[in-house]
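Inspection log for the structure reproduced underneath, given as structure tokens.
FYI, side chains are in, hydrogens and waters are out, and symmetry mates aren't considered; it's all heavy atoms of this structure.
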Amino acid sequence: MEKRRSVFPGFVVFILLLAMLPTLGWTGEASAQQVLDDLTFFGSIPDRSTGTSGSEQAADYILKAFEEAGLSNIGVQKFMTPIPEMLSATLEIEGQTLEIHPWGPNLVYLPVTPEAGLRGPLVYVGTGDLDELNGKEIEGSIILMDMASFDNWPRLYGLGAHALIFLGNKEANIGEFRQKETPTPLAFPRFWVPPETGEKLKAMALDRTVEAVVKSKSQWQNKIVRNCYGFIPGKDPKLRKELVVLDAFYDASSAVLGTAPGADEATSISVLLAAVRRLAQNPPDRSVLFLATTGNGQSLAGMRQFIWSITTRKKLLRNEAKELQAKRKEVDRQLDLIRSADPLSVQEPQDRALLWELLLEKAKDRTDALTRESQYRKMLGEDVAPEDIEAARAFRRLSWLNDMESMTPEQHPLAIQLLKEAAPDLKKVRKELKDRRDVFNSTLSLRNIVDEYTPIFFLSLYLSSHSPHVGLVEMGDTYPVRGNVRRTMRAGRLVNLLNAMGPRIARESGLPNILRDTTRGGGQEGGLGKSPAVHHPCCDVGALAGLPAVSLMTLDDYRTHWSTPQDTLDRVHKGNVKMLAQFFPPLLGELFSHPALDTLAEGGIRGLA
């Protein structure tokens with residue numbers, strides 16, 4: 001007798017599919033909501049500039065997201081970079097103490113005042129045009145100036161103003177901030193205040209004569225900062241050893257110290273995290289390295305560090321490790337020697353050479369310090385004590401000697417004094433060497449992982465929420481290129497592939513096709529692969545290194561509030577962010593699995609100036 005076929009299994013599958021339909025739809029919405037949560041977290045940090053506690057919070061958040069998504073080989077690449085650090089900045093006026101923000105460095109000069117501050121009347125000069133300066137006492141004053149003042153501020157320095165405070169304006173754009181940059185290290189403290197504080201100060205200055213005191217402490221610090229990375233192994237046995245690098249920067253930048261919210265600047269890293277979560281669930285055929293870089297506001301420092309670490313010869317890395325180790329042993333030995341009662345009595349030639357090198361260095365440093373102090377006093381019209389002049393001469397004569405045997409009995413105590421005083425500096429050097437070794441080890445760990453693969457493609461995300469159009473761009477304005485060189489696109493075939501993929505991804509996702517053809521100037525930006533606006537995508541570093549590096553960039557948007565205190569969450573176009581987060585993951589998954597991806601983009605930059 002023929003058995004009756006049960007319909008129960010098919011019925012169960014049908015019911016399960018029905019149950020999954022809402023979940024499938026919810027997944028897209030959940031992904032869109034997650035990207036907004038990510039961006040809100042980044043944009044809510046008041047200062048996310050490189051090296052700050054806010055930047056470290058962002059790095060921790062990214063590493064946690066990598067871990068929760070299930071990435072492998074999660075780690076950080078550390079590196080050291082000089083950071084301008086604000087310690088304090090205040091304006092004392094009529095019994096009130098108001099917080100002000102130091103302007104970024106005048107080349108390298110940071111806004112610093114004497115301990116007692118800079119005192120003077122508060123004078124409002126509007127845009128700083130000459131007719132607005134007529135009849136106003138500028139010399140010795142604390143100047144209030146509108147942001148919409150073009151590049152008029154240097155004339156206030158020339159007229160003898162003590163300090164300058166720019167009055168914040170909610171509509172001020174990046175162009176107005178760039179107009180106030182200077183390539184000259186002027187010793188002229190500049191500051192910025194939010195619009196509400198600015199209106200209050202302006203009203204006071206226009207109403208009556210008000211005395212004010214500006215106090216500011218800021219300094220340069222060599223900080224250890226972190227690139228964050230994680231891997232997804234490819235699922236194709238034949239392609240999984242080929243590596244794609246997808247990067248986005250996570251820090252924010254600002255011309256004003258202490259206030260860099262970078263909400264719209266966080267679009268790229270937020271979309272990268274959306275891609276991480278999607279591709280971790282459904283890996284592409286090739287392996288992917290997700291890289292979140294910092295130091296974007298320091299001339300792409302994080303990307304430069306990464307590219308250096310994966311392209312430099314292993315022999316050079318080994319040599320650097322040996323040099324660090326040798327220097328650490330040298331400093332340790334110098335510390336041991338100067339702790340003895342009479343360091344100059346050592347007999348071992350190598351030890352004597354180490355001490356002599358240290359002694360000459362400290363004698364020259366002390367001579368320079370005393371000479372500068374004397375010159376500064378003369379400039380102020382003060383008398384220089386004869387004993388100070390003689391002390392500088394004594395240290396100078398010591399620095400001219402060729403060896404220990406040449407020292408006179410009178411110079412011996414001076415040498416012992418210098419060696420004993422060198423201990424704190426040597427301890428600082430030892431700590432820095434330890435930090436550098438830690439940095440080097442993190443770089444070597446990343447290099448060893450990358451060496452297991454063959455990197456074939458580097459893609460940077462350089463996205464904004466203020467335009468729905470995205471295109472492939474080969475280079476920004478990080479490095480000068482000749483304008484009169486006719487170039488062909490390095491990645492023209494890749495653009496053609498994206499042009500074909502875009503409509504398909506749009507149909508399958510139910511979203512508009514956001515990709516634009518950049519081979520013939522299909523967007524306001526990106527014509528022939530070049531961004532005409534002043535943008536600095538991380539792909540510029542890879543391209544300069546001869547790698548097949550390109551960027552997917554939001555087009556038709558000049559990022560008018562990036563690198564300003566005005567880049568806040570209320571200016572973010574949430575709809576565009578959600579669309580980017582839904583469109584990019586399937587696009588990248590298909591792109592990274594394309595069998596000919598390794599042939600679609602050439603390396604290098606043509607036409608360097």
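With hydrogens and angles disregarded, a donor-acceptor distance shorter than 3.5 Å links the side chain of Thr267 to the backbone of Asp264. Checking side-chain atoms of His536 against main-chain N and O of Gly476 turns up no donor-acceptor pair under 3.5 Å. Although no hydrogens or angles enter the test, the distance criterion places a donor-acceptor pair under 3.5 Å between the side chain of Arg304 and the main chain of Ser299. Side-chain N or O atoms of Lys200 include none that pairs as donor or acceptor with a backbone N or O of Glu196 at under 3.5 Å. Between the side chain of Thr367 and the backbone N or O of Arg396, at least one donor-acceptor pair lies under 3.5 Å.
No side-chain heavy atom of Met145 sits less than 4.5 Å from a side-chain heavy atom of Glu132. Looking at Tyr479 and Val541, their side chains come closer than 4.5 Å, going by heavy atoms from C-beta outward. Put simply, the side chain of Leu91 reaches to within 4.5 Å of the side chain of Val214, judged on heavy atoms. At a threshold of 4.5 Å between non-hydrogen side-chain atoms, the residues Leu186 and Trp153 count as touching. Between His466 and Asn576 the shortest side-chain heavy-atom distance does not fall below 4.5 Å.
Using a cutoff of 4.0 Å between basic side-chain nitrogens and carboxylate oxygens, Glu265 and Arg48 are not scored as salt-bridged. We find that Lys223 and Asp435 are not joined by a salt bridge, their nearest charged nitrogen and carboxylate oxygen being 4.0 Å or further apart. A salt bridge is absent between Glu115 and Lys215; no separation between the charged side-chain nitrogens and carboxylate oxygens falls under 4.0 Å. The pair Glu390-Arg397 counts as a salt bridge, with a side-chain nitrogen and a carboxylate oxygen less than 4.0 angstrom apart. Electrostatic pairing of Asp438 and Lys78 counts as a salt bridge here, judged by a charged N lying under 4.0 Å from a carboxylate O. Taking a cutoff of 4.0 Å between a charged side-chain nitrogen and a carboxylate oxygen, Arg377 and Glu373 qualify as a salt bridge. Salt-bridge formation is detected for the pair Glu56/Arg226: a Lys NZ or Arg NE/NH1/NH2 atom is positioned less than 4.0 Å from an Asp or Glu carboxylate oxygen.
Counted by atom type alone, Thr50 and Asp251 present one or more donor-acceptor pairs between their side chains at under 3.5 Å. A side-chain donor-acceptor contact under 3.5 Å links Asp557 and Ser464. Using a 3.5 Å distance cut-off with no hydrogens or angles, the side chains of Asp146 and Tyr124 do pair a donor with an acceptor. Thr182 and Asn106 are not linked by any side-chain donor-acceptor pair at a separation below 3.5 angstrom, with hydrogens and angles left out of the test. There is no side-chain donor-acceptor pair under 3.5 Å between Ser216 and Thr113. Using modelled atom types and a 3.5 Å distance limit, the side chains of Asp247 and Ser460 yield a donor-acceptor pair.
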Exercise for the section: Could you walk me through whether Thr81 and Thr294 pass side-chain contact (heavy atoms from CB on, under 4.5 Å), step by step? Expected result: CA-CA 10 Å; Thr81 187; Thr294 188; over 6 Å; no

Practice task
Would you sort out whether Thr184 and Tyr109 count as a side-chain contact (heavy atoms from CB on, under 4.5 Å), showing the intermediate values?
Solution key: CA-CA 9 Å; Thr184 307; Tyr109 172 82; over 6 Å; no

Practice task
Please report the C-alpha distance between Asp38 and Tyr61 in whole Å, then the side-chain angles of each, then the deciding distance to 0.1 Å, and finally whether the side-chain contact (heavy atoms from CB on, under 4.5 Å) criterion is met.
Solution key: CA-CA 9 Å; Asp38 293 338; Tyr61 185 92; 2.5 Å; yes

Handout entry: Derivation of the side-chain contact (heavy atoms from CB on, under 4.5 Å) call for Arg366 and Lys362
Key = CA-CA 6 Å; Arg366 183 62 66 84; Lys362 295 305 172 185; over 6 Å; no

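Within 6.0 Å of NZ in Lys420 there are more than 12 heavy atoms belonging to other residues, nucleotides or ligands. By the neighbour-count criterion of 12 heavy atoms within 6.0 Å, atom NZ of Lys136 is densely surrounded, having more than that number from other residues, nucleotides or ligands. Sparse packing is recorded around CG of Asp383, with 12 or fewer heavy atoms of other residues, nucleotides or ligands lying under 6.0 Å away. The number of heavy-atom neighbours closer than 6.0 Å to CZ of Arg430, taken from other residues, nucleotides and ligands shown, is above 12.
Aromatic ring centres of Trp562 and Phe177: separated by at least 6.0 Å.
Taken from CD1 in Ile142 to CG in Leu201, the straight-line distance is 11.5 Å, to the nearest 0.5 Å.
Between Ser399 and Ala363, the closest heavy-atom pair is CB-CB, 4.0 Å. When all heavy atoms of Ser268 and Leu463 are compared, the closest pair comes out as OG-N, 2.7 Å.
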